[in-house]
Amino acid sequence: MVRIKRGLLVGRMQPVHLGHMQVIKTILQEVDELIIGIGSAQLSHSIKDPFTAGERVMMLTKSLSENNIVASRYYVLPIQDVACNSVWVSHLEMLTPPFSKVYSGNPLVQRLFVEAGYEVKIPPLFNRKNYSGTEVRRRMLADEDWQSLLPRTVVEVIHEISGVARIKHLNRKEVSEV
Ligand code: NAD
C-alpha cells in the first residue's frame, strides 16, 4: 500500500502574505500533500478579521497557482472556530482528509494537537516583523506600502473586493447626530 504523507497547516490568513507562502513551500518539501485550513472561517468585516472565508480561499488558491504549486498537492478548507478548545481537534478531523503531521507556530494549536497525539512541527518564521497579518492591516490603515508584503495575486484580490476601503470604513469613528 502506498502511504501518502499528508500535513496540516491552519491559519487565519487575514490576509494571506508572503510568510504564509514561504512556509507552505517549505512544508511541501516534506509532505506529499498539505491541508491548508482557513481558520476562524466565520469571522469577517472587523479590523482584525476583515476578509471572509471565501475571499481568503480566493487569495490562497490564486497565490498557490502564482507560485506554480499544482492543485493535486493541497486542499484548502475553511474551518469555523468552536467554543470549546478541547474538541477543536476532533472538529478538524471531521472536516479534513486524514493527516499525520501538523505545522504551526501558534502555541495553542501546537498544544491541542500534541495532546491529541499528533506529531507537531514548528516551521521557521520568515521576516515575521513584516510578514504578519497585523502589520499588513496596520499599513492598510496608515496608507503605507502593504502591497510588497503580499503575493501579487493577493493584491489583485484585495483590489477586486475593495478590501482597503472596507478596513478603513470599519475603522471610522461613529458620527453622532446633530
Ligand atoms: P496565522 O495566519 O497568524 O498563522 C498561521 C501559520 O502561518 C502560523 O502558525 C505560522 O506557522 C505561519 N506563519 C505566519 N506568519 C509567518 C511568517 N512570517 N513566516 C513563516 N510562517 C508564518 O494564524 P493563527 O492565528 O496561527 O491561526 C490559528 C487558527 O486556529 C485561528 O483561526 C484560530 O481561531 C484557530 N483555532 C481555533 C480553536 C477553536 O476554535 N477552539 C482553537 C485553536 C485554534
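Every number for a ligand or one of its atoms is a count from 1 in the order of the listing.
The heavy atom nearest to atom 3 (O) of ligand 1, out of those in K129, Q14, R128, is found in R128.
Counting protein heavy atoms only, atom 29 (C) of ligand 1 is closest to V10 CG1, 4.0 Å. For atom 12 (C) of ligand 1, the nearest protein heavy atom (residue, atom name, distance) is V23 CG1, 4.2 Å. The protein heavy atom nearest to atom 32 (O) of ligand 1 is S40 OG, 2.7 Å. Atom 23 (O) of ligand 1 has as its closest protein heavy atom R12 N, 3.0 Å. Here the protein heavy atom with the shortest distance to atom 7 (O) of ligand 1 is H20 CD2, 3.5 Å. Protein heavy atom at the shortest distance from atom 40 (O) of ligand 1 is V82 N, 2.8 Å. Looking only at protein heavy atoms, the nearest one to atom 22 (C) of ligand 1 is L125 CD2, 3.7 Å. Atom 43 (C) of ligand 1 has its closest protein heavy atom at L108 CD2, 3.5 Å.
No donor-acceptor contact under 3.5 angstrom links the side chains of S104 and Q110, judged on distance only.
Residue contacts with ligand 1 include S104, since one of its heavy atoms falls under 4.0 Å from the ligand. Assignment of H17 to the shell around ligand 1 is supported, since a heavy atom sits closer than 4.0 Å. By the 4.0 Å heavy-atom criterion, P123 is counted among the residues contacting ligand 1. The closest approach between Q22 and ligand 1 stays at or above 4.0 Å for every heavy atom of the residue. At least one heavy atom of P124 sits closer than 4.0 Å to an atom of ligand 1.
For ligand 1, one of its N or O atoms has an N or O atom of N106 under 3.5 Å away. For F126, a nitrogen or oxygen atom sits less than 3.5 Å from a nitrogen or oxygen atom of ligand 1, counting backbone and side chain alike. Considering backbone and side-chain atoms alike, L112 places every N or O at 3.5 Å or more from each N or O of ligand 1. Residue N127 has no N or O atom closer than 3.5 Å to an N or O atom of ligand 1. Geometrically, ligand 1 and G105 share a nitrogen or oxygen pair separated by less than 3.5 Å.
Ion pair E55/R166 flagged as a salt bridge, since at least one NZ, NE, NH1 or NH2 atom sits closer than 4.0 Å to an Asp/Glu carboxylate oxygen. Between E156 and R152 a salt bridge is recorded (basic side-chain N to carboxylate O distance below 4.0 Å). With respect to the salt-bridge test (charged N to carboxylate O, under 4.0 angstrom), the residues R3 and D32 do not qualify. Electrostatic pairing of R73 and E33 does not count as a salt bridge here, judged by no charged N lying under 4.0 Å from a carboxylate O.
Each of the following atoms of ligand 1 lies closer than 4.0 Å to a heavy atom of Y131: 15 (N), 17 (C), 18 (N). Heavy-atom contacts of G39 reach the following atoms of ligand 1: 32 (O) (cutoff under 4.0 Å). Residue M13 approaches ligand 1 through these ligand atoms, each under 4.0 Å from one of its heavy atoms: 2 (O).
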>> side chain to side chain contact (heavy atoms under 4.5 Å, CB included) for R139 and D145? Distances and angles first, verdict last.
In response: CA-CA 6 Å; R139 291 190 188 192; D145 165 35; 4.2 Å; yes

>> Pair Y103, E30 - check side-chain hydrogen bond (donor to acceptor under 3.5 Å, both in side chains), show working.
In response: CA-CA 11 Å; Y103 296 84; E30 292 183 14; 2.8 Å; yes

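With a 4.0 Å heavy-atom cut-off, ligand 1 is reached by the side chain of V109 but not by its N, CA, C or O. If you look at W88 next to ligand 1, the close heavy atoms, those under 4.0 Å, all belong to the side chain. Under 4.0 Å from ligand 1, heavy atoms of N85 appear from its side chain as well as its backbone.
Side-chain contact between Y131 and H20 is absent, with no heavy atoms from C-beta onward closer than 4.5 Å. Two residues are said to be in side-chain contact when any heavy atoms from C-beta on lie closer than 4.5 Å; L92 and L8 meet this criterion.
Not one N or O on the side chain of R137 forms a donor-acceptor pair closer than 3.5 Å with the backbone of S132. Between the side chain of N67 and the backbone N or O of S63 there is at least one donor-acceptor pair closer than 3.5 Å.
Cluster membership for V109 and V16, using ILVMFWY side-chain heavy atoms within less than 4.5 angstrom, is not shared. A continuous path of hydrophobic side-chain contacts links W88 to M94 [ILVMFWY only; heavy atoms under 4.5 Å].
Aromatic ring pairs are classed by plane angle as parallel below 30°, tilted from 30° to 60° and perpendicular above 60°; the pair F99 and F113 is perpendicular.
The neighbour count for I122 CD1, taken as heavy atoms of other residues, nucleotides or ligands under 6.0 Å away, does not exceed 12.
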